> 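My questions will all concern the structure given below.
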Amino acid sequence: MESSRQRLGAASPWRYLLLVAVPLLAALLLSRWPLPVSAPAPVPATAAHGGTGTPLSLFLLQLLVVLSAAKGAGWLLKRFGQPAVIGEMAAGLLLGPLLFGAVMPETQAWLFAPGSLGALGLISQLGVLMFLFVAGAELELSTLHGRRAFALLVSHSGIALPFLCGVLLAFALFNAHAPAGVGFANFALFMGVSLSITAFPVLLRILSDRGITHTPLGRIAVACAALGDASAWCLLAAIVASVQASGWNAALISLLGTLAFAAAMIALVRPWLSRHEVAPEREGRHLIGLLLMALAAALVTELLGIHALFGAFLAGIAVSGNARLRELLIQKVEPFAISLLLPLFFAMTGLRLRVEGWQPSDLLLCAAVILIASLGKGLGTWLAARSAGMPQTDALRLGALMNTRGLMELIVLNLGYEMGLIGDRLFAVLVIMALVTTAMTGPLLNLIERRARSMQRT
């Protein structure tokens, strides 16, 4: 591995042009293909408030059911060698119509009636904000030292090829799955982003569970995932701006405002926080200040017409330069967000799934999307890594790691669903894809390692 590390920086411009710029340019050109706007569809009626007793008692019962199911499924999946978060994701999905609603429809409709989910939804959004705040803080840019050229090539190639695959897939899905009033460009670009995401925080936990975080491969994977996440969120911000704005001028103003705010957070706030001393007796004050900064940044990007999630992520990146502040967030905020708030987000995602209109062809579509997403991500990463001199086995491992989508993918899908970019059936297909590709990471790594040992013996 040491000899290969000397060659990893050899990411020449023509490789970047071929593996990154060409697929992205092709995807952007294809997204402008003149397909018509999808036909209007009837708006489904919403159910009334359900349940008996006070709203607080119902809310507490919802919390109890969601957290019990999430922690139980997380414990079970951990015994099978999977990260606990995969079990929590699965439990949240199964609390919706997919399982709970199919087995006990009346009880599920009473417990999670749409009219009673307002508080649960808002708290779940707060959980996602706090999670992205911590995720941004975990993006240690110092990990890029000595690996910047290689990480840039691999992470962007791992975005460009699946992005192109997503845009091409949009041609086949647009007429049947685009909601009313959605233009092909926005639909296609969102499909590209939804196939390009890597879940940086989940990847960190997989590396930690396998004890390879501080190995050369682990450091490279962290650097590539960090750059890939930041780049994919920039693409998503551009799509959100174009969808939410009334025209291209308004979208441009939103993007320029967001870029200016991001530049201020990274160029001004981050260096100031990096130099900030943290006295042990004043940790509580610092924590309150950081949380207020995250909420303020989320409010700014929400007002700019992007989304509050981007502001929380930027606030986390501003904190990432100070190791003590970063550790404070990981110790104090992350357990609360992950243990209590994120299972609510998984449950809200599961409750959004609709199985009434599912057809047998949707199962084939689900398998096809999983295959295309995995091949696009894995092949894009492997090609770039091999072209820059990484050994075959390590390049395969890196491709498997980058295919981890997890919670970041669910956040992106929920954002697209809220904005009306994808319909119920496609939302369900992409959510299942996120769960399956994340669960595949461990078995794929085991298969690659067994193959490598077998080749060494022969």
Side-chain angles (χ1 to χ4, degrees), residues 38 41 73 77 80 82 85-103 161-179 182 187-199 202 345-380 399-400 402-418 420-444 447:
S38 57
L77 264 289
F80 285 94
Q82 293 282 1
V85 68
I86 297 179
E88 294 179 5
M89 289 167 58
L93 303 184
L94 297 178
L95 284 174
L98 203 61
L99 179 65
F100 189 20
V103 177
L161 189 56
F163 190 90
L164 175 59
C165 291
V167 171
L168 291 172
L169 187 62
F171 280 92
L173 300 181
F174 178 72
N175 289 330
H177 294 278
V182 174
F187 178 79
L189 293 176
F190 181 80
M191 284 298 301
V193 170
S194 66
L195 266 61
S196 306
I197 294 292
T198 294
V202 177
F345 173 75
F346 298 143
M348 290 301 295
T349 303
L351 293 171
R352 283 175 166 166
L353 294 181
R354 294 289 177 266
V355 295
E356 299 90 358
W358 263 56
Q359 304 168 6
S361 59
D362 289 334
L363 295 176
L364 295 176
L365 174 61
C366 193
V369 169
I370 292 170
L371 181 63
I372 292 169
S374 301
L375 286 178
K377 197 72 173 175
L379 187 60
M402 293 299 105
N403 195 42
T404 304
R405 286 176 174 84
L407 176 57
M408 287 295 192
E409 177 76 6
L410 291 186
I411 294 172
V412 170
L413 295 179
N414 275 275
L415 189 58
Y417 187 77
E418 289 169 5
L421 289 173
I422 52 177
D424 291 334
R425 289 163 57 202
L426 186 56
F427 176 70
V429 165
L430 293 174
V431 165
I432 293 171
M433 180 271 291
L435 189 62
V436 171
T437 53
T438 306
M440 283 168 52
T441 304
L444 273 178
L447 180 64

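Note: hydrogens, waters and symmetry copies are ignored here, and every other heavy atom, side chains too, is used. Every value quoted in this text rests on a predicted model; they were computed, and no experiment measured them.
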> For the OG1 atom of T349 and the CD atom of E409, what is their distance to the nearest 0.5 Å?
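If I round to the nearest 0.5 Å, the distance is 11.5 Å.
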
> State, to 0.1 Å, how close L161 and G380 come at their nearest heavy-atom pair, and which atoms those are.
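It is CD2-N, 3.6 Å.
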
> Can you tell me how far CG of L379 sits from CD1 of I372, rounded to the nearest 0.5 angstrom?
13.0 Å

> Which distance, rounded to the nearest 0.5 Å, do you find between the NE2 of H177 and the CZ of F427?
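The distance works out to 14.5 Å.
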
> Measure the CG-CZ distance between L195 and R405 for me, rounded to the nearest 0.5 Å.
6.0 Å

> Do you know the tightest heavy-atom contact between T438 and T404?
CG2-CG2, 3.9 Å

> Measuring only between side-chain heavy atoms, which start at C-beta, is M440 closer than 4.5 Å to N403?
yes

> With the side chain counted from C-beta on, respond yes when L421 and P179 share a heavy-atom pair under 4.5 Å apart, and no when they do not.
no

> Are side-chain heavy atoms of M191 and L173 found at a separation under 4.5 Å?
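Of all side-chain heavy-atom pairs linking L173 with M191, at least one is under 4.5 Å.
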
> What pair of heavy atoms forms the shortest contact from F345 to N414, and how long is it?
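For F345 versus N414, the nearest heavy atoms are CZ-ND2, 3.4 Å.
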
> For T437 and S374, does a side-chain donor sit closer than 3.5 Å to a side-chain acceptor?
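There is no such pair (donor and acceptor under 3.5 Å, judged by atom type) between the side chains of T437 and S374.
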
> Any heavy-atom pair between the side chains of L410 and F346 that's under 4.5 Å?
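Answer yes - side chains close enough.
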
> Quick one: pull up CD1 in I432 and CG in D362 and give me the separation to the nearest 0.5 Å.
9.5 Å

> Taking all non-hydrogen atoms of both residues into account, name the closest pair between A400 and L444 and its distance.
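For A400 and L444, the tightest heavy-atom pair comes out as CB-CB, 4.1 Å.
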
> Shortest non-hydrogen contact from I86 to L435?
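Between these two residues, the closest heavy atoms are O-CD1, 3.8 Å.
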
> Answer yes or no: is there a side-chain heavy-atom contact under 4.5 Å between F190 and V412?
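Yes, their side chains come closer than 4.5 Å.
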
> Rounded to the nearest 0.5 Å, how far apart are CZ of F187 and CG of L426?
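If we round to the nearest 0.5 Å, F187:CZ and L426:CG are 5.5 Å apart.
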
> Taking it one step at a time, do F163 and V193 satisfy side-chain contact (heavy atoms from CB on, under 4.5 Å)?
CA-CA 6 Å; F163 190 90; V193 170; 3.7 Å; yes

> Check G87 against A73 and note the closest heavy-atom contact, atom names and distance.
O-CB, 3.2 Å

